[in-house]
Q: 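Structure in structure tokens, see below.
Since we're looking at a predicted model, the values are computed, not measured. Numbers for residues simply follow the sequence, beginning at 1.
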Amino acid sequence: MELEGKVAVITGGARGQGRAHALRLARDGADIVLCDLAAQLGSVPYPMAEPADLEETIQLVERTGRRCIGVIADVRDTAAMQNLTDRAMAEFGRIDVLLANAGIMTVTENVWEISDQQWDETVGVNLTGVFKACRAVIPHMIEGGRGGSIVITSSVAGLRSYPALTDYTAAKHGVVGLMRNLAHELGRHNIRVNTIHPTGVATPMAFNQFFGDWLSTREQLGRFMTENVLPVGAIEPADVAEVVSWLVSDRARWLTGAAIPVDAGFLLK
């Protein structure tokens, strides 16, 4: 119960990594505030989360004995992020942890075939959305005077080139730069900021009919995406949540400005 009495805000919390993080931090004692778009974006080729997924996550968190609020919100929307933090403060009076986790993934054969919609939606959710979530939460963390922890979900694609995912790769690199500047600016407030960089994770974003069919005709790319140095093709969301649990706790109290691989050795390739 390392986080007992603390409050964690999690974007993209309806399913996948966001749900795993919510459940792990709830078991650590935190009350949880979730948001998710819970709707489909036009450029995303796989089914995105729905309101029922968000409601299920809320119920799962509440079964741990912790309180949970869920809000349908678009991280790209300034007003929606302000409303999310207003709800958190009205209900709990504090925010100690932000997990800027919301993300989408699209593919194209090359850079010049990326459409404006695809670029705008991928970069909008994966980079601009992180900025807007941070911008809404940080003043409350500073005013609280208790410090805090921000963890941004990047990817192995945030630390190296990644074929067929240029817009995703650009955005995931971008959040590393954002993290480093935030860590520098917020250090005097004892607010720590770090990024995590998972390899492939067994979530609906990566494991779905579209990507299965798409990779079936691209054998070399499929091997690149699914082969890690350690003997695992994809890690579980709970594996990433264990690292997040450590990062937001006092066990990592002197760690800030760090890009943490959770990659089963992928980046050694």
Q: Is E62 paired with R66 through a side-chain N to carboxylate O contact shorter than 4.0 Å?
A: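 Answer for the salt bridge query: no.
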
Q: Please find the pair of heavy atoms, one from A20 and one from A241, that lie closest to each other, and give the distance.
A: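 Closest approach of A20 to A241: O-CB, 3.7 Å.
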
Q: Without swapping roles, check the side chain of T256 against the backbone of V193 for a donor-acceptor pair under 3.5 Å.
A: yes

Q: Is there a donor-acceptor pair under 3.5 Å between the side chain of N194 and the backbone N or O of L255?
A: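 Side chain of N194 to backbone of L255: a pair is present.
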
Q: Is there a side-chain contact between R15 and P204 (heavy atoms, below 4.5 Å)?
A: yes

Q: Are any non-hydrogen side-chain atoms of C68 and L34 less than 4.5 angstrom apart?
A: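 With C-beta onward as the side chain, the pair touches.
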
Q: T108 vs E113, test: side chain to side chain donor-acceptor pair (under 3.5 Å). Steps then yes/no.
A: CA-CA 7 Å; T108 33; E113 292 182 6; over 6 Å; no

Q: Using every non-hydrogen atom in the two residues, find where D28 and S245 come nearest and quote the distance to one decimal.
A: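 Scanning both residues completely, I find the closest heavy atoms to be OD2-OG, 2.6 Å.
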
Q: Is any side-chain heavy atom of T85 closer than 4.5 Å to one of V9?
A: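 Not in contact.
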
Q: If the test is side chain to side chain donor-acceptor pair (under 3.5 Å), which one of N228, T226, D263 qualifies with T199?
A: N228

Q: Parallel, tilted or perpendicular for W214 and F211, by the 30°/60° rule?
A: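 It falls in the perpendicular class, over 60°.
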
Q: Taking the side chain from N190 and the backbone from G147, do they hold a donor-acceptor pair closer than 3.5 Å?
A: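 No; judged by distance alone, with no hydrogens or angles, the pair does not exist.
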
Q: Just wondering, do E109 and R218 contact through their side chains at under 4.5 Å, heavy atoms?
A: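 Of all side-chain heavy-atom pairs linking E109 with R218, at least one is under 4.5 Å.
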
Q: Answer yes or no: is there a side-chain heavy-atom contact under 4.5 Å between L99 and T11?
A: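 No, every pair of side-chain atoms sits at 4.5 Å or beyond.
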
Q: Do the side chain of Q17 and the main chain of H21 share a donor and acceptor less than 3.5 angstrom apart?
A: no

Q: Look only at the side chain of N208 and the backbone of M205, and say whether a donor-acceptor pair between them is shorter than 3.5 Å.
A: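 Checking the backbone N and O of M205 against the side chain of N208, a donor-acceptor pair under 3.5 Å is found.
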
Q: What's the verdict on side chain to side chain donor-acceptor pair (under 3.5 Å) for E185 and N181, showing C-alpha distance, side-chain angles and the deciding distance?
A: CA-CA 6 Å; E185 293 174 359; N181 273 36; 4.8 Å; no

Q: Just wondering, are more than 12 heavy atoms of other shown residues or ligands nearer than 6.0 Å to CD in Q220?
A: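 Result for CD/Q220: open.
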
Q: Tell me if the CZ atom of R188 is crowded by more than 12 foreign heavy atoms within 6.0 Å.
A: no

Q: Tell me whether the count of non-hydrogen atoms from other residues, nucleotides or ligands lying under 6.0 Å of CD in Q82 goes above 12.
A: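 More than 12 within 6.0 Å, yes.
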
Q: Answer yes or no: are there more than 12 heavy-atom neighbours, outside E143 itself, under 6.0 Å from its atom CD?
A: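 Result for CD/E143: open.
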
Q: Are V244 and I10 co-members of a hydrophobic cluster defined by side-chain heavy atoms under 4.5 Å apart?
A: yes

Q: Hey, are D96 and R146 close enough for a salt bridge, meaning a charged N less than 4.0 Å from a carboxylate O?
A: yes

Q: Start with the C-alpha gap between S43 and E121, add the side-chain angles, then the distance that decides, and say whether side chain to side chain donor-acceptor pair (under 3.5 Å) holds.
A: CA-CA 7 Å; S43 69; E121 289 182 346; 2.5 Å; yes

Q: Does the pair D239 and V262 meet the rule for a side-chain contact (heavy atoms from CB on, under 4.5 Å), with working shown?
A: CA-CA 8 Å; D239 298 323; V262 192; 5.5 Å; no

Q: Indicate if I142 and L98 have the same hydrophobic cluster label, given that clusters are the connected sets of ILVMFWY residues with side-chain heavy-atom separations under 4.5 angstrom.
A: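 Both belong to a single hydrophobic cluster.
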
Q: Would you give the length of the straight line joining atom CG of L41 to atom OG1 of T106, rounded to the nearest 0.5 angstrom?
A: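 OG1 of T106 is found 10.5 Å from CG of L41.
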
Q: Run the side-chain contact (heavy atoms from CB on, under 4.5 Å) check on V240 and I235 step by step: do they pass?
A: CA-CA 8 Å; V240 186; I235 62 177; 3.7 Å; yes

Q: Should V137 and V175 be regarded as members of a common hydrophobic cluster, given that ILVMFWY residues are connected when their side-chain heavy atoms come within less than 4.5 Å of each other, either directly or indirectly?
A: yes

Q: Can you tell me if CZ on R67 sees more than 12 non-hydrogen neighbours from other groups inside 6.0 Å?
A: yes

Q: Would a hydrophobic clustering, with Ile, Leu, Val, Met, Phe, Trp and Tyr connected at side-chain separations under 4.5 Å, put F131 with L37?
A: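 They do share one cluster, since a chain of ILVMFWY contacts under 4.5 Å joins F131 to L37.
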
Q: I'd like to know if R24 pairs up with E242 as an ion pair, taking the criterion as any Lys NZ or Arg NE/NH1/NH2 lying under 4.0 Å from an Asp or Glu carboxylate oxygen.
A: yes

Q: Check ring pair (Phe, Tyr, Trp, His ring centres under 6.0 Å) between F224 and all other residues, then give those that pass, not counting sequence neighbours.
A: Y162, F266

Q: With a 4.5 Å cut-off on side-chain heavy atoms, are L165 and M105 touching?
A: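 M105 vs L165: side chains touch.
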
Q: Checking the side chain of H184 only, and the main-chain atoms of R180 only, is there a donor and an acceptor separated by less than 3.5 Å?
A: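 Checked: no pair found.
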
Q: Have T169 and R160 got a donor and an acceptor in their side chains that come within less than 3.5 Å?
A: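 No pair is found: no donor N or O on one side chain lies under 3.5 Å from an acceptor on the other.
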
Q: When you measure from the side chain of N126 to the backbone N and O of I104, does any donor-acceptor pair fall under 3.5 Å?
A: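 Yes: the side chain of N126 pairs with the backbone of I104.
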
Q: What's the shortest heavy-atom distance between M1 and R27, and which atoms?
A: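 Reported closest heavy-atom pair: SD-O, 3.5 Å.
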
Q: How far apart are the C-alpha atoms of E227 and K269, what are their side-chain angles, what is the distance that settles it, and do they pass the salt bridge (Lys or Arg N to Asp or Glu O under 4.0 Å) test?
A: CA-CA 9 Å; E227 290 180 358; K269 296 194 299 180; 5.6 Å; no

Q: Between R76 and T128, does a side chain to side chain donor-acceptor pair (under 3.5 Å) hold up when you go through it step by step?
A: CA-CA 6 Å; R76 300 169 298 170; T128 305; over 6 Å; no

Q: Taking a hydrophobic cluster as the set of Ile, Leu, Val, Met, Phe, Trp and Tyr residues connected by side-chain heavy atoms closer than 4.5 Å, whether directly or through intermediates, do L25 and V201 fall within one such cluster?
A: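 Yes, L25 connects to V201 through the hydrophobic network.
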
Q: Please check this pair: side chain of E4 against backbone of G29, looking for a donor-acceptor N/O pair closer than 3.5 Å.
A: no

Q: For side-chain contact (heavy atoms from CB on, under 4.5 Å), just list the numbers for M179 and V176, CA-CA rounded to whole Å, side-chain angles, deciding distance to a tenth of an Å, and then say yes or no.
A: CA-CA 5 Å; M179 173 272 289; V176 177; 4.2 Å; yes

Q: In terms of side-chain heavy atoms, does K132 have a donor or acceptor partner in T78 at a distance below 3.5 Å?
A: yes

Q: What pairs of residues pass the salt bridge (charged side-chain N to carboxylate O under 4.0 Å, His left out) test when at least one of them lies in residues 245-262, not counting sequence neighbours?
A: E2-R251

Q: Say whether, by atom type as modelled, one donor and one acceptor occur between the side chain of R19 and the main chain of D53 under 3.5 angstrom.
A: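 Answer holds: yes.
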
Q: Please confirm whether the backbone N or O of V7 pairs with a side-chain atom of D31, one donor and one acceptor, at under 3.5 Å?
A: no

Q: Using every non-hydrogen atom in the two residues, find where G158 and S154 come nearest and quote the distance to one decimal.
A: CA-OG, 3.6 Å

Q: Hey, mind stepping through V151 and R192 against side-chain contact (heavy atoms from CB on, under 4.5 Å) and telling me if it holds?
A: CA-CA 8 Å; V151 178; R192 301 182 296 107; over 6 Å; no

Q: List the atom of A164, the atom of L221, and the distance in Å for their closest heavy-atom pair.
A: CB-CD2, 4.0 Å

Q: Would you indicate whether the side-chain heavy atoms of F92 and V33 approach each other to under 4.5 Å?
A: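 Yes, close enough: below the 4.5 Å cut-off.
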
Q: Kindly indicate whether the side chain of I32, heavy atoms from C-beta on, has any atom under 4.5 Å from the side chain of I69.
A: no

